Amino acid sequence: DLSGTLSSKSTKSFGVTIAAGATSATATFTSSRSSTTLRIRVRNSAGTVVAQTTSGSPVTLPATLPAGTYTWDLTPSSSANVSFSLAYLK
């Protein structure tokens with residue numbers, strides 16, 4: 001699990017190399033304005049977006065992915081404290 005403060009419209013990225021399978025990313029606001037939304041986006045090693053969602057807290061993005069290196073991007077609509085977890089589901 002990762003946590004931290006994200007500024008409005010700034011993106012925090014996490015790169016992970018995985019085996020083929022299902023993943024689930026979840027982000028929860030620990031403090032923010034009630035109207036804040038968060039986009040989670042998954043990009044492959046070529047930079048192509050392979051999955052994304054935007055929602056209020058909590059935000060969950062399940063994705064079944066082939067083996068490879070991926071980057072999860074978190075982008076809030078306004079400043080927020082966010083807790084992020086990424087699970088690999090065998």
Side-chain angles (χ1 to χ4, degrees):
D1 289 357
L2 305 166
S3 62
T5 300
L6 300 177
S7 300
S8 177
K9 309 275 187 195
S10 67
T11 298
K12 180 70 175 175
S13 300
F14 304 95
V16 180
T17 299
I18 62 167
T23 63
S24 182
T26 302
T28 304
F29 302 140
T30 55
S31 69
S32 68
R33 290 187 230 151
S34 61
S35 61
T36 299
T37 60
L38 182 72
R39 180 182 69 197
I40 301 177
R41 185 170 62 178
V42 182
R43 294 181 288 121
N44 64 17
S45 59
T48 302
V49 175
V50 296
Q52 69 178 354
T53 191
T54 301
S55 179
S57 183
V59 184
T60 301
L61 179 59
T64 300
L65 303 167
T69 300
Y70 295 88
T71 301
W72 277 258
D73 298 323
L74 307 176
T75 308
S77 61
S78 62
S79 296
N81 290 328
V82 177
S83 175
F84 175 73
S85 65
L86 175 64
Y88 179 71
L89 312 170
K90 295 182 182 180

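On a predicted model such as this, the values are computed, not experimentally measured, just so you know.
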Salt bridge (charged side-chain N to carboxylate O under 4.0 Å, His left out): pairs with one or both residues in residues 56-68, sequence neighbours excluded: none
Atom pair OG1/CG of Thr64 and Leu89 - distance to nearest 0.5 Å: 8.5 Å
Hey, could you give me each pair passing salt bridge (charged side-chain N to carboxylate O under 4.0 Å, His left out) that has a residue in residues 52-70? Not counting sequence neighbours. none
Residues 77-89 vs salt bridge (charged side-chain N to carboxylate O under 4.0 Å, His left out), sequence neighbours excluded, gives none
For Thr28, all residues meeting side-chain contact (heavy atoms from CB on, under 4.5 Å), sequence neighbours excluded: Thr26, Ser57, Pro58
Minimum heavy-atom separation for Ala27 to Val82, with atom names? CB-CG1, 3.9 Å
Heavy-atom pair with the smallest gap, counting every atom of Thr36 and Ser77: CA-OG, 3.4 Å
Please tabulate, one pair per line, all N/O donor-acceptor pairs under 3.5 Å involving side-chain atoms of residues 14-23, not counting sequence neighbours.
residue	atom	partner	partner atom	Å
Thr17	OG1	Thr69	OG1	2.9
Thr23	OG1	Ala63	O	3.0

Once rounded to the nearest 0.5 Å, what's the spacing between atom OG1 of Thr75 and atom CG of Leu38? 7.0 Å
Grouping I, L, V, M, F, W and Y whenever their side-chain heavy atoms are under 4.5 Å apart, do Trp72 and Val50 come out in a common cluster? yes
Scan for side-chain hydrogen bond (donor to acceptor under 3.5 Å, both in side chains) pairs involving residues 46-55, sequence neighbours excluded, and state none if there are none. none
Which pair of non-hydrogen atoms, one from Gly56 and one from Phe29, has the smallest distance, and what is that distance? C-CE1, 4.2 Å
Please name all residues satisfying side-chain contact (heavy atoms from CB on, under 4.5 Å) with Thr71, sequence neighbours left out, ordered by chain then number. Ser13, Arg43, Asp73
